[in-house]
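Let me begin by presenting the structure, written as structure tokens, before commenting on it.
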Amino acid sequence: AGGQGTFNPQFEWNGQVLFDCVTPDPVVPSKCVKTATAPEQVLPAGEYRSCTNDPGTNFRCTDNPSGCSCEGKCLPFGNFPLECLTVAYALEDNWAALNMRILHKPGPSSAPIEYTNAPNDKMRVVMESNFGQLNAFDSIHSCGPAPVIDPNTNQWVQQTGSKWTDAGSSPQVWQCVVGINDMASPPAAADLPEVLLYEEIEVISQGINRRRLTIMGAFNKMDAAVKSLKYLPDPNMNTIRLRNAQYVGRIANSFAYEYLNTTVFFQSPTLNNGNVFIPVGTPLIQMIHIVSTNDQPTIRHPSSLYTVPDECSNAASEDYFCNFGQFWSVEDTSTPVVISGVLIEDIDLYEECGDEIPSCSNLDVGVKTFKGAVQLNTRSNLNFYTSERSQVGFTATDDAVTAAVKVLFYRVETDDLANTLLSSVLNYNTQRGSVLEQEYITVSVSDQGFTGASGVAQTTEIQIPIVIVADNDAPVIYIGVNEYSALEDVVTQYPPDELGLPMFFADTDVEEKIDSLVATKNWMGLSGRELLLNKIQLTASLEHGALKFGYVRNLRIAATQTIQYATFAWSHFGHDLCRVSELLTDKKLLAAATVGGYQGTYKDFCTFSNIGSSACPTGTERTCTCDSEGTCSDGGLILFLNRTRTSDAVRNEFLSQVAAATATFDRSCGGMPVFPKPNNFTHGRSCTSFAECADDTLPKCTPGVDCYCCANISHVCTTFAECEQFDVGSQCGCKPGGGGPSAGGGTC
């Protein structure tokens with residue numbers, strides 16, 4: 001038990017666990033690299049002292065404090081006096097448990113003990129810090145963010161969610177009183193002090209905001225609050241930074257270290273002071289050594305500054321910037337792509353640099369491409385360790401780095417190699433849909449570990465994607481000789497076998513499967529063009545002879561001298577070709593779909609199968625019958641177009657008209673098939689534009705409620721098996737109507 005009616009404060013330290021992530025702040029993210037399950041014990045219980053010029057070296061004071069004092073071991077630091085002070089440790093950007101107590105020392109030779117209160121005895125403990133936040137019972141979080149000074153108006157501004165109030169004094173003082181109802185995890189009521197007051201005090205003369213914590217109550221309440229005390233340095237603050245004028249300005253000339261100034265006041269009715277608090281004991285000036293951590297350098301990605309052009313609001317736009325993104329180039333070109341917006345920063349790169357050499361550390365920067373060539377904005381003041389076509393690596397100060405990467409220049413290939421056989425990226429593009437065929441610029445930076453107590457380097461890397469747009473390479477014809485001879489009325493083979501000079505054709509990109517939004521919009525996406533994809537069209541003609549191919553397998557004959565062929569076939573299994581057959585004679589649909597003017601129906605262009613017969617003697621009769629091969633139900637339909645009736649241009653306009661009409665009706669997202677009647681349902685959402693297919697979630701039905709058999713749209717179903725009775729493979733999941741192609745149809 002302590003002596004009643006008097007209190008003689010004695011500070012005691014229970015040791016610290018540094019690098020222990022305690023009580024993460026909901027506002028300030030922790031940078032702690034270790035977890036609470038594996039702490040590192042760095043300071044056992046006892047008092048520690050350190051020199052103000054070297055706070056990292058400590059001397060432990062025990063019951064027999066032989067050699068614990070650092071007196072005589074310190075060196076003057078700049079303009080600051082030599083001092084040997086009690087020291088506690090904190091970690092940059094992390095809460096640190098100070099783990100101290102204030103006990104009662106009954107006499108000079110007595111050990112400190114817990115004080116037993118006389119009735120109405122109270123203590124008031126006032127603690128102040130300059131560059132960090134104090135926190136008892138984790139209650140500071142309930143105050144919200146402290147007010148800040150607006151740099152533009154130089155006026156104080158209260159932030160959203162703040163509970164701080166203006167104390168109405170000058171210089172400015174902000175206060176936050178915390179009660180048990182304000183705390184997220186309050187202590188036991190018996191441990192809660194009568195007063196828990198946080199203050200932010202503007203010290204204009206020194207350019208700082210001093211933090212003050214006042215705790216008032218009986219000994220056990222004060223003791224519980226002090227034992228719970230934690231300290232969080234200001235963002236990025238540490239002892240080394242505090243002494244560097246280029247980071248903290250004039251503060252570096254006023255403070256050599258952070259300290260905790262603690263004063264104890266005592267009130268007891270048994271003393272002459274009555275209800276007045278009087279200071280007792282000697283104030284504790286305790287230095288806080290804030291151990292530095294190495295902050296990771298940052299790289300700003302150009303996409304953070306990018307705004308999609310206004311014209312891209314039109315989903316049908318074919319502008320390259322709307323379809324290929326922020327950065328793109330074209331296959332086999334050397335046109336530079338200007339990449340701006342990269343910014344590399346390191347907030348603590350020069351913390352350990354003195355005034356003599358303020359930029360004593362360098363960043364290590366790498367810029368490389370996956371395939372193309374890259375150049376920097378400038379090469380001045382850079383120390384290169386690699387400089388090649390596709391990558392550069394260098395070390396430099398932050399100013400030189402900023403200038404070098406302010407603009408990056410990307411090329412698919414250099415001017416001297418573009419579109420030549422010597423190019424390593426000949427015919428390369430990123431539109432083939434393969435993860436192996438991509439392009440990007442990688443920008444990486446390392447701070448090389450010049451700062452931070454651990455000396456371990458921190459690195460950062462970003463990738464800037466680049467689209468290399470596919471370019472259509474022209475096919476090439478190879479012939480052995482330029483002139484052949486033939487004999488009258490004799491079938492001649494070309495080229496002759498005995499010459500050994502073959503004729504052949506090549507197209508380097510005919511087999512490419514291109515995934516291009518622009519190509520899809522302007523021609524690849526049209527159903528009439530799908531059969532032309534990845535095909536070569538060859539036209540061979542003679543002036544005065546007849547031509548015959550010796551090999552015709554796997555060839556689709558597009559035209560002879562008198563007939564042009566047009567083939568309609570499935571692009572997805574199940575498409576209803578009979579709908580296309582109906583279209584060929586539907587003047588209304590053909591006229592509505594045409595762009596260059598209505599050309600007519602199939603009968604205006606076809607060859608006649610009964611020409612010369614009594615039903616079609618001249619080819620002008622209404623009873624003439626158009627030639628065709630196959631039926632719509634066979635999955636293929638070939639049209640025969642008479643090349644002598646109209647010009648090639650007019651016939652091709654007619655085919656474009658048919659393709660456009662085909663693309664305007666029975667459309668569904670993804671081009672899903674519309675099956676033939678009477679079960680004319682589609683697996684895709686019916687649509688009329690790309691915009692209708694932008695949703696990534698399609699409508700659903702509920703089995704047993706509004707899910708119907710696709711082969712019988714009137715039958716409610718729960719499983720696929722129930723629908724097999726109507727058609728083999730029929731699924732359960734269609735809804736009547738719902739944008740289906742026609743009455744009785746549905747959407748799956």
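The first residue of the sequence shown is numbered 1, and numbering continues consecutively from there.
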N-O pairing of [X] and [Y] below 4.0 Å:
| X | Y | answer |
| --- | --- | --- |
| Arg211 | Glu128 | no |
| Glu12 | Arg101 | no |
| Arg210 | Glu202 | no |

For a quick check under 3.5 Å, do [X] and [Y] share a side-chain donor-acceptor pair by atom type?
| X | Y | answer |
| --- | --- | --- |
| Thr451 | Asn294 | yes |
| Tyr231 | Glu258 | yes |
| Asp398 | Tyr350 | yes |
| Tyr198 | Ser139 | yes |
| Asp166 | Gln172 | yes |
| Tyr115 | Asp121 | yes |
| Glu352 | Ser361 | no |
| Asp348 | Tyr247 | no |
| Thr402 | Asp399 | no |

**Asked** Does the side-chain hydrogen bond (donor to acceptor under 3.5 Å, both in side chains) test come out yes or no for Thr86 and Glu47, once each step is laid out?
**Response** CA-CA 7 Å; Thr86 303; Glu47 180 182 354; 3.0 Å; yes
**Asked** Taking the inter-plane angle between the rings of Phe7 and His104 on a 0 to 90° scale, is it parallel (under 30°), tilted (30 to 60°) or perpendicular (over 60°)?
**Response** parallel
**Asked** Going through the checks in order, is the side-chain contact (heavy atoms from CB on, under 4.5 Å) test met by Met127 and Val125?
**Response** CA-CA 7 Å; Met127 298 179 169; Val125 177; 3.9 Å; yes
**Prompt:** Under 6.0 Å from the NZ atom of Lys368, do we count more than 12 heavy atoms belonging to anything else shown?
**Reply:** no
**Message:** A quick test of your reading: do over 12 heavy atoms of other residues, nucleotides or ligands sit less than 6.0 Å from CG of Asn381?
**Reply:** no
**Item:** Tyr48/Tyr89 aromatic ring centres below 6.0 Å
**Value:** no
**Item:** SG-SG distance Cys143 to Cys176 under 2.5 Å
**Value:** yes
**Message:** Regarding Cys360 and Cys353, I want to know if their SG-SG distance comes in below 2.5 Å, which is how I'm defining a disulfide.
**Reply:** yes
**Asked** Taking the six-membered ring of Phe59 as reference, does the NZ or CZ atom of Lys73 fall below 6.0 Å from its centre and within a 45° cone about the axis?
**Response** yes
Just wondering, do [Y] and [X] contact through their side chains at under 4.5 Å, heavy atoms?
| X | Y | answer |
| --- | --- | --- |
| Lys406 | Val342 | no |
| Ile215 | Arg124 | no |
| Met183 | Leu192 | yes |
| Glu461 | Ile299 | no |

**Prompt:** Which heavy atom of Ser380 sits nearest a heavy atom of Ala400, and at what distance?
**Reply:** O-CB, 4.3 Å
**Message:** Show the nearest heavy-atom pair for residues Pro106 and Ala111, with the distance to one decimal.
**Reply:** CD-O, 3.7 Å
